[in-house]
Amino acid sequence: MTDHEKIKQAVRLFLEGIGEDVSREGLRETPERIARMCEELYGGMDQDASAHLAKTFNVESSGMVIEKDITFYSTCEHHILPFYGKAHIAYIPDGKVVGLSKLARTVEVYARRLQLQEQLTGQIADALMKYMQPKGALVMIEAEHMCMTMRGIKKPGSRTVTLAKRGVFETDPALEEQFFRMLR
């Protein structure tokens, strides 16, 4: 049985489990739609950030590079509900930079998996350090979690903020301060 077929079977069982009639008109094609959706939402499972961060350009500048407000959508691995928000990435080049779109693509690689926000933040920072080898990297993510909004505590609008610092950002507080000034 293919993964696609397994997802369809699981969706049928889920729908039956909550008391739905999987043969009714509105649900007949739902297992197929969900299987196709999973290919898109969890496509990061088959991707590696190195594909995006390996192509670099030489530069003489060693000033901070920031890409902010990178919109992302992910899925909480605890409740299989969405969380979404903005990622902000900074790094200090050590002789090389990447194309700016590659930073957003790196966010997508890790966001398109079952995920925890804390883990996502660290994975992005670690990928920058591993594949770009900058002097330092800082990743900040602000996100709203549907598991907090539509179930449990039910607090829409609350945001979770996570921060991962690597390299010189861990040892030089002035760099972190500069990041937050530039973020405003």
Side-chain angles (χ1 to χ4, degrees), residues 3 37-78 80-148 157-184:
D3 291 342
M37 178 189 72
C38 286
E39 292 171 8
E40 179 181 349
L41 293 183
Y42 308 114
M45 297 295 297
D46 299 325
Q47 296 179 1
D48 188 337
S50 66
H52 305 296
L53 297 175
K55 174 113 173 99
T56 60
F57 305 95
N58 293 325
V59 293
E60 291 182 26
S61 168
S62 62
M64 187 182 308
V65 176
I66 295 181
E67 183 72 18
K68 64 182 190 173
D69 296 327
I70 302 168
T71 300
F72 74 91
Y73 301 90
S74 193
T75 306
C76 168
E77 68 183 33
H78 291 158
I80 310 187
L81 287 172
F83 69 95
Y84 55 90
K86 305 278 185 186
H88 315 288
I89 297 175
Y91 70 95
I92 308 289
D94 192 11
K96 46 191 178 170
V97 295
V98 294
L100 296 177
S101 71
K102 305 308 184 195
L103 298 175
R105 290 182 191 282
T106 299
V107 170
E108 287 298 301
V109 165
Y110 295 108
R112 295 197 176 272
R113 302 173 179 193
L114 288 178
Q115 201 47 285
L116 296 175
Q117 181 176 334
E118 300 87 342
Q119 179 176 276
L120 172 63
T121 309
Q123 287 172 332
I124 295 166
D126 291 341
L128 295 175
M129 294 302 290
K130 180 177 181 179
Y131 300 116
M132 292 177 57
Q133 299 169 346
K135 294 176 183 173
L138 189 150
V139 177
M140 179 177 145
I141 294 182
E142 304 173 85
E144 183 168 346
H145 293 249
M146 294 307 288
C147 56
M148 289 269 299
S158 62
R159 290 183 308 161
T160 301
V161 180
T162 51
L163 189 71
K165 300 183 286 186
R166 304 291 188 265
V168 294
F169 282 102
E170 295 177 286
T171 58
D172 187 346
L175 286 174
E176 184 177 349
E177 187 178 309
Q178 181 184 359
F179 166 78
F180 283 111
R181 276 196 317 271
M182 293 172 73
L183 203 56
R184 288 186 218 131

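Side chain of R113 to main chain of G44: a donor-acceptor pair is present (N/O by atom type, distance under 3.5 Å, no hydrogens or angles). Between the side chain of K68 and the backbone N or O of L183, at least one donor-acceptor pair lies under 3.5 Å.
One finds the CG atom of D172 at 8.5 Å from the CD1 atom of I92 (value rounded to the nearest 0.5 Å). Remark: K165 NZ to M140 CE distance equals 12.5 Å, nearest 0.5 Å. Interatomic distance, M146 CE to T75 OG1, rounded to the nearest 0.5 Å: 11.5 Å. Within the model, atoms CD1 of I70 and OG1 of T106 stand 8.5 Å from one another, a figure rounded to the nearest 0.5 Å. One finds the NE2 atom of H145 at 10.0 Å from the OH atom of Y84 (value rounded to the nearest 0.5 Å). Atoms NZ and CG, from K102 and L53 in turn, are 9.5 Å apart once rounded to the nearest 0.5 Å.
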>> Assess the residue pair L175 and Q178 against the criterion (side chain to side chain contact (heavy atoms under 4.5 Å, CB included)); give the C-alpha distance rounded to whole Å, side-chain angles, the decisive distance to 0.1 Å, and a yes or no.
In response: CA-CA 5 Å; L175 286 174; Q178 181 184 359; 3.8 Å; yes
> Run the side chain to side chain contact (heavy atoms under 4.5 Å, CB included) check on D69 and H88 step by step: do they pass?
Replying inline: CA-CA 6 Å; D69 296 327; H88 315 288; 3.1 Å; yes
>> side chain to side chain contact (heavy atoms under 4.5 Å, CB included), that's the test. Do M64 and L138 meet it? Break it down for me.
In response: CA-CA 10 Å; M64 187 182 308; L138 189 150; over 6 Å; no
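Looking at D94 and Q133, their side chains never come closer than 4.5 Å, going by heavy atoms from C-beta outward. Residues Q119 and E77 form a side-chain contact, since some pair of their non-hydrogen atoms from C-beta on lies under 4.5 Å apart. Side-chain contact between S62 and K135 is present, with heavy atoms from C-beta onward closer than 4.5 Å. Using a 4.5 Å heavy-atom threshold, the side chains of D48 and Y131 count as touching.
A137 approaches A125 most closely through the heavy-atom pair CB-O, 4.3 Å. Residue G99 comes nearest to F57 through the heavy atom pair N-CE1, 3.8 Å, listed as atom of the first residue, atom of the second, then distance. The two residues M129 and R166 make their nearest non-hydrogen contact at CG-CB, 3.5 Å.
Environment of NZ in K55: sparse, with no more than 12 heavy atoms of neighbouring residues, nucleotides or ligands closer than 6.0 Å. The number of heavy-atom neighbours closer than 6.0 Å to CE of M45, taken from other residues, nucleotides and ligands shown, is 12 or below. Applying the 6.0 Å contact sphere to OH of Y73 captures no more than 12 heavy atoms from other residues, nucleotides or ligands.
Residues Q115 and S74 have side chains that never bring a donor and an acceptor to within less than 3.5 angstrom of each other.
Of the candidates I141, L116, V161, I141 is the only one forming a side-chain contact (heavy atoms from CB on, under 4.5 Å) with T121.
By the 30° and 60° cut-offs, the orientation of the rings of F72 relative to F83 is perpendicular.
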